[in-house]
2 protein chains.
Amino acid sequence: MPARQPSKPRARRPRSQARPYHHGDLRRVLIDAALQLAAEGAEVSVREAARRAAVSPGAPFRHFPNRDALMAAAAEEAQRRFRAEIEAALSEAPATNPLARFRAFGLAYLRWAMRNPAHFEIISTGRYFVHGSSAELTRDNAELIALTEGILAEAAGQGLLRSADLKRIQIAGRALVYGFARMNLDGHLPRWGVEAGEIERMAEGVLDLFIAGIAKP
Amino acid sequence: MPARQPSKPRARRPRSQARPYHHGDLRRVLIDAALQLAAEGAEVSVREAARRAAVSPGAPFRHFPNRDALMAAAAEEAQRRFRAEIEAALSEAPATNPLARFRAFGLAYLRWAMRNPAHFEIISTGRYFVHGSSAELTRDNAELIALTEGILAEAAGQGLLRSADLKRIQIAGRALVYGFARMNLDGHLPRWGVEAGEIERMAEGVLDLFIAGIAKP
DNA sequence: TCCGTTATGTAATCATCGATTACATTTCGA
DNA sequence: TCGAAATGTAATCGATGATTACATAACGGA
């Protein structure tokens with residue numbers, strides 16, 4: 001093992017440096033940089049995030065043990081925004097109409113995924129950090145799922161559904177919105193036209209088709 | 001630009017080397033190594049593929065201009081297998097029952113995706129190589145899509161569908177199977193039990209739920 | 001107010017990877 | 001048979017994630 005060189009004394013920075021030695025809230029800035037990089041379609045690297053924060057390449061590792069931890073923190077932040085939007089939509093939906101609530105949930109899900117594709121990917125794919133490494137993300141996700149289960153149970157209670165197999169309906173519904181969101185992400189949706197809202201309208205149509213299919217005629 | 005060193009003459013390999021200088025079909029071996037690496041869940045790197053082929057790190061670049069090209073070739077191979085399985089399933093399905101054919105298509109799709117998750121990912125995600133860089137992949141995919149459109153048109157012609165919006169049905173169906181496959185891939189499906197076939201049965205159930213939803217009652 | 005402990009950033013260094021280039025060897029057809 | 005084309009090797013580059021030694025700032029108790 002080659003011993004590290006004693007290294008000659010390093011030049012001190014002049015005391016009049018513009019930026020203070022301490023950054024302020026580097027952790028937060030790094031998370032935002034990671035999300036911004038993702039949103040721009042760029043590859044997210046620790047070094048690039050450090051560069052954006054105008055900090056040395058090693059500095060981020062004071063706040064995150066490794067790259068995965070940074071990505072997990074970014075995912076948690078994205079998930080918070082995602083969940084906030086869904087809950088806002090649900091709070092405006094009629095409290096006593098389960099199918100309308102189901103629709104509001106799905107629509108908010110799809111809209112957010114269409115408008116924040118890169119962030120949706122970070123949340124959903126195990127690509128950016130080890131799967132299940134974030135307890136917060138796991139719990140948060142489980143709560144959203146429980147929410148849809150509750151809504152479906154209500155719908156079944158009011159006799160609105162054709163099938164009694166709620167688990168199956170729930171998985172199918174999830175697969176539908178997840179699939180649509182990922183098709184958009186992976187470039188599998190036809191380019192319907194120049195108008196931006198067209199994809200969202202198709203998303204809405206697909207959701208309505210599904211709901212019509214599970215609803216009692 | 002620092003000129004390259006003249007480099008002292010290299011030692012020649014003894015003529016009695018075990019492996020011949022030329023590999024035989026390195027291109028093919030590299031593609032298989034890439035697919036195998038993916039299937040093992042390992043990260044696919046050109047170097048590792050070269051290592052598996054017992055070849056120098058630079059050798060692959062004689063057959064592929066860059067990493068993306070190797071991955072694209074691997075994707076084309078995987079897509080061929082995928083498509084072959086779907087066409088086999090369709091050839092066994094009743095020729096005159098569009099909904100049964102639709103179901104056979106979806107089931108073959110889901111089964112292959114469940115059993116070859118990593119290969120499905122290589123095919124579907126633009127992660128491994130630049131999107132649309134493989135004309136073969138694009139064309140192949142378009143043909144599969146056209147196949148489902150034809151089946152749906154037949155079903156509509158026989159008056160089997162509740163809705164006349166075939167485009168919407170087609171996208172919804174695609175989102176459903178794509179979403180289920182990706183949920184499996186991304187670890188979003190509950191671990192129903194030890195038995196392996198359980199996920200495939202749920203896939204089948206979800207597919208049937210969808211078909212029941214679009215079929216005229 | 002001083003001082004030492006802790007938090008936080010820097011500089012240097014390493015291994016790995018994709019990629020390129022110069023060179024060596026084999027293959028194959030004119 | 002001989003020379004060009006194909007194919008592999010070795011050396012090297014720049015970028016990246018990661019680790020370590022060190023420097024500096026921040027903060028709280030005596």
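In the text below, chain A, chain B and the rest are named by the order of the sequence lines, each starting its count at 1.
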Mind checking the [atom1]-[atom2] spacing from [X] to [Y]? Nearest 0.5 Å is all I need.
X: A:M114; Y: A:F120; atom1: CE; atom2: CZ; value: 7.5 Å
X: B:E154; Y: B:L166; atom1: CD; atom2: CG; value: 12.0 Å
X: B:K167; Y: B:L152; atom1: NZ; atom2: CG; value: 10.0 Å

Integer-rounded Å distance: [N] [atom2] and [X] [atom1]:
X: B:R27; N: D:dA6; atom1: CZ; atom2: C1'; value: 15 Å
X: B:F64; N: D:dG8; atom1: CZ; atom2: C1'; value: 15 Å
X: B:D25; N: D:dA6; atom1: CG; atom2: C1'; value: 14 Å
X: A:N66; N: C:dA15; atom1: CG; atom2: P; value: 20 Å
X: A:D68; N: D:dG17; atom1: CG; atom2: C1'; value: 10 Å
X: B:R47; N: C:dC17; atom1: CZ; atom2: P; value: 6 Å
X: B:R62; N: C:dT25; atom1: CZ; atom2: P; value: 15 Å
X: B:F61; N: D:dC13; atom1: CZ; atom2: P; value: 17 Å

Exercise. Looking at A:H63, does any N or O in its side chain come under 4.0 Å of the phosphate oxygens OP1/OP2 on C:dG9?
Worked result: yes

Exercise. Distance check: side-chain N/O of A:R51 vs OP1/OP2 of D:dA15, anything under 4.0 Å?
Worked result: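 Checking A:R51 against D:dA15: no side-chain N or O falls below 4.0 Å of OP1 or OP2.
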
Exercise. Are A:E85 and A:R81 close enough for a salt bridge, meaning some N to O gap below 4.0 Å?
Worked result: no

Exercise. Are B:R182 and A:S124 linked by a side-chain donor-acceptor pair shorter than 3.5 Å?
Worked result: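 B:R182 vs A:S124: no donor-acceptor pair found between side chains.
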
For this session: With heavy atoms under 4.0 Å as the rule, sort B:R67 into base, sugar-phosphate or nothing.
Result: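 Sugar-phosphate only.
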
For this session: With heavy atoms under 4.0 Å as the rule, sort A:S56 into base, sugar-phosphate or nothing.
Result: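 Result for A:S56 = base.
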
Exercise. Between D:dT16, D:dT9, C:dG9, which nucleotide has the shortest distance from any of its atoms to the side chain of B:A59?
Worked result: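 Among D:dT16, D:dT9, C:dG9, the one nearest the side chain of B:A59 is D:dT9.
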
Problem set entry | Of A:V44 and B:G58, the one whose closest DNA chain D nucleotide lies more 5' | B:G58

